[in-house]
Amino acid sequence: MSDKLTKIEIITRPTKFDELKQELAKIGVSGLTVSNVLGCGLQKGFTELYRGIKREVNMHERIKVEIVVCKVPVQSVIDTARQVLNTGKPGDGKIFVYELANAIKVRTGEEGCDALQNEN
């Protein structure tokens with residue numbers, strides 16, 4: 001296994017997902033795992049009115065997009081995500097980058113970079 005595997009996690013607003021998915025496909029990202037998550041950061045939640053009473057809401061709905069790349073440059077994924085997600089306001093999200101030791105395709109037993117390819 002000579003190629004480096006990298007996992008990229010992107011936490012952002014659900015409303016940005018379709019545009020993010022389309023732009024990532026343009027740079028060659030073919031596999032995504034998406035989860036609905038809750039969280040808060042700098043803005044510490046928000047206040048809403050429920051039946052005329054102010055109520056503190058501490059968690060925001062977000063999505064977590066997980067991507068593992070080998071042949072697609074990590075910086076391209078980061079640059080694309082930042083371009084799509086940046087509104088300049090708190091809550092745009094975070095990007096986390098991890099090095100992976102290995103990936104194994106269950107069906108074929110392929111490992112490393114070969115496990116990420118969508119060839120039959």
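All values below were derived from every heavy atom in this structure, side-chain atoms included, with hydrogens, water molecules and symmetry-related copies excluded.
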- [ ] Answer yes or no: is there a donor N or O on one side and an acceptor on the other, between the side chain of Ser35 and the main chain of Val37, under 3.5 Å?
- [x] no

Open item on the list: Tell me whether Val72 shares a hydrophobic cluster with Val68, the cluster being built from Ile, Leu, Val, Met, Phe, Trp, Tyr side chains joined at under 4.5 Å.
Closed with: no

Task: Distance, nearest 0.5 Å, that separates CD1 of Ile95 from CD1 of Ile8 - done: 8.5 Å

- [ ] Hey, could you give me the CD/OG1 distance between Gln75 and Thr6, rounded to the nearest 0.5 Å?
- [x] 11.5 Å

TODO: Check whether Leu100 and Val74 end up in the same hydrophobic cluster, where Ile, Leu, Val, Met, Phe, Trp and Tyr are linked by side-chain heavy atoms less than 4.5 Å apart.
DONE: no

Task: Main-chain N/O of Ile63 paired to Asn36 side chain as donor or acceptor, under 3.5 Å - done: no

- [ ] I would like to know whether Ile10 and Leu85 meet side chain to side chain contact (heavy atoms under 4.5 Å, CB included); could you show each step before the answer?
- [x] CA-CA 10 Å; Ile10 302 168; Leu85 303 176; 3.5 Å; yes

Open item on the list: Applying side chain to side chain contact (heavy atoms under 4.5 Å, CB included) to Thr12 and Phe17, what does each step give before you reach the verdict?
Closed with: CA-CA 8 Å; Thr12 193; Phe17 176 65; over 6 Å; no

- [ ] First locate atom NZ of Lys64, then atom CG of Leu38, and finally report the distance between them rounded to the nearest 0.5 Å.
- [x] 12.0 Å

TODO: Decide yes or no for Gln117 and Lys105: does some side-chain heavy atom of the first lie under 4.5 Å from some side-chain heavy atom of the second?
DONE: no

TODO: Hey, could you give me the CG/OG1 distance between Asp114 and Thr108, rounded to the nearest 0.5 Å?
DONE: 8.5 Å

TODO: Calculate, to the nearest 0.5 Å, the distance between atoms CD1 and CZ belonging to Ile11 and Arg62 respectively.
DONE: 10.0 Å

TODO: Write down the atom of Ala103, the atom of Ala115, and the distance for their closest heavy-atom approach.
DONE: O-CB, 3.6 Å

Task: Chi angles and distances behind the side chain to side chain contact (heavy atoms under 4.5 Å, CB included) call for Val69, Leu116 - done: CA-CA 8 Å; Val69 294; Leu116 302 180; 5.7 Å; no

Open item on the list: Pair Arg13, Thr87 - check side chain to side chain contact (heavy atoms under 4.5 Å, CB included), show working.
Closed with: CA-CA 11 Å; Arg13 296 179 172 99; Thr87 65; 3.8 Å; yes

Task: Side-chain donor or acceptor of Lys16 paired with backbone N/O of Asp92 under 3.5 Å - done: no

Open item on the list: Please determine whether residues Val34 and Ile78 belong to a single hydrophobic cluster, defined as Ile, Leu, Val, Met, Phe, Trp and Tyr linked transitively by side-chain heavy-atom distances below 4.5 Å.
Closed with: yes

Open item on the list: Do Val77 and Ile27 make a side-chain contact, defined as non-hydrogen atoms from C-beta onward lying under 4.5 Å apart?
Closed with: yes

Task: Cluster overlap Val65 with Val97, hydrophobic side-chain contacts below 4.5 Å - done: yes

TODO: Heavy atoms only: give me the nearest Cys70-Leu5 pair and the separation to one decimal.
DONE: CB-CD2, 3.9 Å

